[in-house]
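Computed over heavy atoms, backbone and side chain alike; hydrogens, waters and symmetry mates excluded. Please read all numbers here as calculations on a predicted model, not as lab measurements.
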Number of protein chains: 2
Amino acid sequence: MSKTKKQLVFEAAAELFMEKGYLAASMREIAKKVGLEQASSLYNHLKSKEEVLIKICLENAERFINGIAAVEQTSSTPIEKLKALIHLHISIATEDRTSVTVFNDEWRHLSEPHLNDFLTKRKDYENRFKKIIESGIASGDFKAVDPTIALYTILTSIRWIHYWYKPGRSQSVVDLERDVFVLLVEGLKN
Amino acid sequence: MSKTKKQLVFEAAAELFMEKGYLAASMREIAKKVGLEQASSLYNHLKSKEEVLIKICLENAERFINGIAAVEQTSSTPIEKLKALIHLHISIATEDRTSVTVFNDEWRHLSEPHLNDFLTKRKDYENRFKKIIESGIASGDFKAVDPTIALYTILTSIRWIHYWYKPGRSQSVVDLERDVFVLLVEGLKN
DNA sequence: ATTTAAAAAACGAATGTGCGTTCGTATGCA
DNA sequence: TGCATACGAACGCACATTCGTTTTTTAAAT
């Protein structure tokens, strides 16, 4: 089953959003990228430019929330849970680079009520991530650092991967993950 | 010595660039922010919108390069040098929030030749930072991780601070720095 | 297979808007 | 008087989007 034109259009838009930023990417450029002469032709496949941004941001938010829900339901140690979350971030960042870039950097151009939706979901994710760190501190597995500082340091430190990673190198992802575990988990361990 | 109107204009522009992004911040909004009715009045104080972006990006690049040059000239251990660099990033991020945000996120809207200037300087900084990590690995002070992975993980992990930090809390910066040292340096130590 | 009707997709012109910037003029301070 | 600053109108441009029309594709009927 090959991709529909609609899928192609959405993917081209995501790529251009990643390369130039949401505002700098014009409908005319997106059209050219999928072989259309006129930007107006795009409107047979999408409702608006923002529709694409909304889809990317909300789909990725769901992905992260589903991921952390799965982690929460295991009976692993806090260390294992943290590793699973880092793995989640690295997986998503390497499997769907363009979407993650847009999700990370362009959400601020969402209009209401989508912006509020997005920020609520992200806050929820952060809170649940922080709870896992706090449980590790409480159990003595982790050092007694400020959980918020640990949370954002870890979350942010993974945000360079989608920028650095080039597709088609599955082995290097394993090496990458091993080193990131060393850097981020060993530092936190007691 | 109070601030000149030009300084006020540049600062207001930087703040708006931080809040909304460079492209979304309009000259008309900047004018309003400094009490001018007309955007055209701004042009008595600046040459163009991009002039402000160029100034912010290049000044900050210089700041980081001067900072790492000072660290290189000491005879400290790699561990001490790494701590000094993290301190440098945290200092700049807390002392000049708006500039660092723009420097981090908006440089891509520079036009040539400024974009090339900027990227060259940044690459130089990264290479020198990486050398320090490599020397720590060679001396056995650091674990034998991939230096590039360590570099970007550390560099990126500090990029949430300007977003989180609110001015007027000098004590918390000390605590912040202590916890960031634990997370990033301890993980790398052998 | 060929024809035919409907649906989907592409076109091209046009609309309205907001943008950065220029210019001539007016104001106010030294 | 002269200089820096502010004003307000105007310019040209690129943008997202709309609309009516034409072309292409699809699927059913002959």
Next on the checklist: Would a single hydrophobic cluster contain both Met18(A) and Trp107(A), if residues Ile, Leu, Val, Met, Phe, Trp and Tyr are joined by side-chain heavy-atom contacts under 4.5 Å?
Outcome noted: no
Item to check | Atom-to-atom span, CG of Leu36(A) to P of dA8(C) - whole angstrom | outcome: 17 Å
Would you tabulate the nitrogen or oxygen pairs shorter than 3.5 Å linking the protein to nucleotides 28-30 of chain C?
none

Next on the checklist: How many whole angstroms separate atom CG of Leu42(B) from atom P of dG8(D)?
Outcome noted: 14 Å
Item to check | Quiz item: Asn44(B) side-chain donor-acceptor pair to dA4(D) base, under 3.5 Å | outcome: no
Item to check | Any residue of residues 7-15 of chain A with a heavy atom less than 4.0 Å from an atom of DNA chain D | outcome: none
Next on the checklist: Could you check whether His89(B) and Tyr165(B) have their ring centres less than 6.0 Å apart?
Outcome noted: no
Checklist entry - For Gln38(B) and dG8(D), is the shortest distance between a side-chain N/O and OP1 or OP2 below 4.0 Å? => result yes
Checklist outcome for this item: Between Asp141(B) and Pro78(B), the two heavy atoms sitting closest are OD2-CD, 3.6 Å
Checklist entry - In terms of side-chain heavy atoms of Lys5(A), which of dA10(C), dC7(D), dA6(D) is nearest? => result dA10(C)
Item to check | Pairs where residues 16-26 of chain B contributes a residue and the test salt bridge (charged side-chain N to carboxylate O under 4.0 Å, His left out) is met, not counting sequence neighbours | outcome: Glu19(B)-Lys33(B), Lys20(B)-Glu29(B)
Item to check | Whole-Å gap separating C1' (dC15(D)) and NE2 (His109(A)) | outcome: 15 Å
Measure all distances between protein nitrogen or oxygen atoms and nitrogen or oxygen atoms of nucleotides 20-22 of chain C, and list the pairs falling under 3.5 Å.
unit_1, atom_1, unit_2, atom_2, d
dG20(C), OP1, Ala25(B), O, 3.4
dG20(C), OP1, Met27(B), N, 3.4
dG20(C), OP1, Lys49(B), NZ, 2.9
dG20(C), OP2, Met27(B), N, 2.9
dG20(C), N7, Arg28(B), NH1, 3.0
dG20(C), O6, Arg28(B), NH2, 3.3
dT21(C), OP2, Tyr43(B), OH, 2.6
dT21(C), OP2, Lys49(B), N, 2.9
dT21(C), O5', Tyr43(B), OH, 3.1

Checklist entry - Which pair of heavy atoms, one from Met27(B) and one from Leu46(B), lies closest together, and at what distance? => result CE-CD1, 3.7 Å
Checklist entry - To the nearest angstrom, how far is Glu29(A) atom CD from dC15(D) atom P? => result 7 Å
Next on the checklist: Applying side-chain contact (heavy atoms from CB on, under 4.5 Å) to Tyr22(B) and Arg108(B), what does each step give before you reach the verdict?
Outcome noted: CA-CA 10 Å; Tyr22(B) 175 73; Arg108(B) 69 156 123 189; over 6 Å; no
Checklist entry - Does the side chain of Asp179(B) come within less than 4.5 Å of Asp175(B)'s, by heavy atoms? => result no
Checklist entry - Between dA6(D) atom P and Lys32(B) atom NZ, what is the distance in whole Å? => result 16 Å
Checklist entry - So does Lys131(A) have more than 12 non-hydrogen atoms from other groups sitting under 6.0 Å from NZ? => result no
Next on the checklist: Please determine whether a side-chain nitrogen or oxygen atom of His45(A) lies at a distance below 4.0 Å from atom OP1 or OP2 of dA8(C).
Outcome noted: no
Checklist entry - Looking at Arg97(A) and Tyr163(A), what are the two nearest heavy atoms and their distance? => result NH2-O, 4.4 Å
Next on the checklist: Applying ring-ring contact (aromatic ring centres under 6.0 Å, His included), can you list everything that pairs with Trp160(A), at least two apart in sequence or on another chain?
Outcome noted: Trp164(A), Tyr152(B)
Mind listing the side-chain donor-acceptor pairs of residues 56-67 of chain A below 3.5 Å, one per line with the distance, residues two or more places apart or on another chain?
unit_1, atom_1, unit_2, atom_2, d
Glu59(A), OE2, Lys55(A), NZ, 3.3
Asn60(A), ND2, Ile56(A), O, 2.9
Arg63(A), NH1, Asp96(A), OD2, 3.2
Asn66(A), ND2, Glu62(A), O, 3.3

Next on the checklist: Without decimals, in angstroms, what is the distance between Glu37(B) CD and dT25(C) P?
Outcome noted: 21 Å
